[in-house]
Colleague: 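Starting off with a structure, shown below.
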Amino acid sequence: MSSSVTSDRPSASADTAAGQRGTANGARWALAAALLGFFVMTLDALIVNVALPEIGRGFGGGMTGLQWVVDGYTLMFAALLLSAGSVTDRVGARQAFGAGLVVFTVASAACGFAPNLGVLVGARLVQGAGAAVIVPASLALIREAFPDPARRARAISVWAMGGSVGAAAGPVLGGVLSELSWRMIFFVNLPVGVLALFLLTRTARSPRRGDAPFDWTGQIAAVAAMGGLTYAAIEAGAVGVGAPRVLLALAVAVVAAVAFLLAQARGRNPMVPLELLRARTMALSATVGFALNVGFYGMIFLLGLYLQQDRGLSPMATGLAFLPMTLLTAVVSPTAAWFAARFGPRTPVVAGQLLMAAGLVALCVPPASAPAWLLVLLMVPVGTGGGLAVPAVTSLLLDRVPAQRAGTASGVLNASRQLGGALSVAVFGALVSNHAHFLHGLRTSLLIAALLVLATAAASLLLKEKTS
């Protein structure tokens, strides 16, 4: 008896150690897969802008077509973010992340092989749908893999670095690859997606909650409202505000928005309960996020076109022009938490917006003959301000909402941000559609963005530093 017990102990200990190593390895594989997914999704959001002139020369379609190449992705990303968390709960984090990654990777291949502009825009819509699932599923995957709060916080910091690296690399890589072929900017997603899927196979299957509610009415209405508004803004630049199809799109957007609000007020399982939308912190945070993306993504869209079409820079030189801004943005974002802890979260939110607005106004000042390096320097405050304000407003919001509403609140904030990016491309693209007056339209667009950011900076003063 005693010898049997003695001989069993090392085996049990070895089994326990092996199980712990397996769990630790699985957590590392999950983090690596989540990081790669977030990296490639963020990369894709910025890599396309530098390649737009090359796509235009390859396919034609004018400014309207180029706007849809950007907004097709952003629109579906924004609209589906609202319910992607519910989908993740329903099917399980690992399964949802894998499905989103497969959709995104296959759609990237379809973009690269697109024979015409219509197919490219359609594939971009599918890409955006995949990306919308990747974001919440990757965070849920990390939450499962790292149950300890301290280790999970470190893991999320590593995950966030993937997005920062993707944002910094996007414009530069877009410029380099566009020198070869604009199609390469989509093919670069394939090896990253395949590697992330391989790493995902090394992780355990996630539990699923089949009874997780899904608001079909609200989701369809959200897509119709955002899609109708974006379509109207883009087409207004091409055919005028009074054109029948523009008015019809606006009518669809209004009806769909009303249907969405009714579904949230009366539905059994609303995506976004109206009491959350009525909360001042939620409303202000979503508005700030919207304005920040209008300024940031609107500027990248405009200057990516301007530097190549009007200033004669190559795609590679244009990508390098964005590098100082994106690198500093990646450096500043992690420091936002320190600023929030030191001065309170409201301070970096307001300071970041003021810095961005100053940069947007400054970009309107140089004459057409100003050297390109001056524009490069003036872009830096725009990115730095956004890098300071976005993490701070996210942290402030999550600290103020109840824990059970944190996922929904985060989804609303990010959807609002993506909608801001989509509408900035739609509206600003319309303002610069007349190439003979491109510089005037660019300056008008940047001033509109600056005024919007200044308005939300003033409104941010109403955000409470502490919960009452």
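Note that the coordinates shown come from a computational prediction; the quantities given were computed from them, not determined experimentally.
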Colleague: State which residues pass side-chain hydrogen bond (donor to acceptor under 3.5 Å, both in side chains) with Ser83; sequence neighbours excluded, sorted by chain then number.
Modeller: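 Gln219.
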Colleague: Spell out, as yes or no, whether a donor-acceptor pair under 3.5 Å connects the side chain of Ser108 to the backbone of Phe104.
Modeller: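 Answer holds: yes.
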Colleague: Can Phe77 and Gln127 be said to form a side chain to side chain contact (heavy atoms under 4.5 Å, CB included), step by step?
Modeller: CA-CA 8 Å; Phe77 190 12; Gln127 256 194 323; over 6 Å; no
Colleague: Please examine the side chains of Val103 and Val133, heavy atoms only from C-beta on, and report whether any two atoms are closer than 4.5 Å.
Modeller: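 Not in contact.
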Colleague: What pairs with Ala140 under side chain to side chain contact (heavy atoms under 4.5 Å, CB included), at least two apart in sequence or on another chain?
Modeller: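 Residues passing side chain to side chain contact (heavy atoms under 4.5 Å, CB included) with Ala140: Thr88, Ala93.
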Colleague: Who passes ring pair (Phe, Tyr, Trp, His ring centres under 6.0 Å) against Phe186, sequence neighbours left out?
Modeller: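 Per chain and number, Phe186 pairs via ring pair (Phe, Tyr, Trp, His ring centres under 6.0 Å) with no residue.
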Colleague: Is the side chain of Thr326 donor-acceptor paired with the backbone N or O of Leu323 at a distance under 3.5 Å, no angle test?
Modeller: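 Side chain of Thr326 to backbone of Leu323, a donor-acceptor pair under 3.5 Å: yes, one is there.
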Colleague: Determine whether Pro315 and Glu54 make a side-chain contact, defined as any pair of heavy atoms from C-beta on separated by less than 4.5 Å.
Modeller: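 Yes, their side chains come closer than 4.5 Å.
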Colleague: Could you note down all residue pairs passing salt bridge (Lys or Arg N to Asp or Glu O under 4.0 Å) where residues 42-51 supplies at least one of them, sequence neighbours left out?
Modeller: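 Matches after skipping sequence neighbours: Asp44-Arg124.
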Colleague: Taking the side chain as every heavy atom from C-beta outward, state whether Leu200 and Leu101 have any atom pair closer than 4.5 Å.
Modeller: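 They are not in side-chain contact.
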Colleague: Sequence neighbours excluded, which residues qualify as side chain to side chain contact (heavy atoms under 4.5 Å, CB included) partners of Leu375?
Modeller: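 Only Tyr306, Leu307, Arg311, Leu363, Pro366 meet the side chain to side chain contact (heavy atoms under 4.5 Å, CB included) criterion with Leu375.
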Colleague: Please determine whether side chain to side chain contact (heavy atoms under 4.5 Å, CB included) holds for the pair Leu452 and Ile448, giving the CA-CA distance in whole Å, both sets of side-chain angles, and the decisive distance to 0.1 Å.
Modeller: CA-CA 6 Å; Leu452 178 61; Ile448 291 172; 5.6 Å; no
Colleague: Could you name each residue pair satisfying side chain to side chain donor-acceptor pair (under 3.5 Å) that touches residues 359-383, not counting sequence neighbours?
Modeller: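 As it turns out, there is no side chain to side chain donor-acceptor pair (under 3.5 Å) pair with a partner in residues 359-383 once direct neighbours are skipped.
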Colleague: Partners of Arg245 by salt bridge (Lys or Arg N to Asp or Glu O under 4.0 Å), sequence neighbours excluded?
Modeller: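 Counting only residues at least two positions away or on another chain, Arg245 forms a salt bridge (Lys or Arg N to Asp or Glu O under 4.0 Å) with Glu235.
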Colleague: Heavy-atom distance under 4.5 Å between the side chains of Leu46 and Ile300, does that happen here?
Modeller: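 Answer yes - side chains close enough.
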Colleague: Heavy-atom distance under 4.5 Å between the side chains of Leu305 and Pro53, does that happen here?
Modeller: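 Heavy-atom side-chain distance check passes, below 4.5 Å.
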Colleague: So Phe38 and Trp159, would you call those rings parallel, tilted or perpendicular, with 30° and 60° as cut-offs?
Modeller: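 Judged by the thresholds at 30° and 60°, the geometry between Phe38 and Trp159 is parallel.
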Colleague: Applying side-chain hydrogen bond (donor to acceptor under 3.5 Å, both in side chains), can you list everything that pairs with Ser181, at least two apart in sequence or on another chain?
Modeller: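 By the side-chain hydrogen bond (donor to acceptor under 3.5 Å, both in side chains) rule, Ser181 matches no residue at all.
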Colleague: For Thr456, enumerate each residue passing the side-chain hydrogen bond (donor to acceptor under 3.5 Å, both in side chains) test, keeping only those at least two apart in sequence or located in another chain.
Modeller: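 Result, side-chain hydrogen bond (donor to acceptor under 3.5 Å, both in side chains) vs Thr456: Gln353.
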Colleague: Taking the side chain as every heavy atom from C-beta outward, state whether Thr384 and Leu388 have any pair of such atoms under 4.5 Å apart.
Modeller: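 No, their side chains stay 4.5 Å or more apart.
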Colleague: Among all residues two or more places apart in sequence or in another chain, which pass the side-chain hydrogen bond (donor to acceptor under 3.5 Å, both in side chains) test with Glu179?
Modeller: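 Listed in chain order: Ser314.
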Colleague: Please walk me through it: do Leu120 and Ile55 pass side chain to side chain contact (heavy atoms under 4.5 Å, CB included)?
Modeller: CA-CA 10 Å; Leu120 176 59; Ile55 294 173; 3.9 Å; yes
Colleague: Check whether any side-chain heavy atom of Phe322 sits under 4.5 Å from a side-chain heavy atom of Leu303, and report yes or no.
Modeller: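 Result yes, sub-4.5 Å side-chain heavy-atom pair found.
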Colleague: Among all residues two or more places apart in sequence or in another chain, which pass the side chain to side chain contact (heavy atoms under 4.5 Å, CB included) test with Phe113?
Modeller: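 In terms of side chain to side chain contact (heavy atoms under 4.5 Å, CB included), with neighbours along the sequence ignored, Phe113 is linked to Phe187.
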Colleague: According to side chain to side chain contact (heavy atoms under 4.5 Å, CB included), who are the partners of Asn293, at least two apart in sequence or on a separate chain?
Modeller: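 Scan of Asn293 (side chain to side chain contact (heavy atoms under 4.5 Å, CB included), adjacent residues dropped) gives Tyr297, Arg417, Gln418.
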Colleague: Less than 4.5 Å apart, side chain to side chain, heavy atoms only: is that true for Leu43 and Asn189?
Modeller: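 Leu43 vs Asn189: side chains touch.
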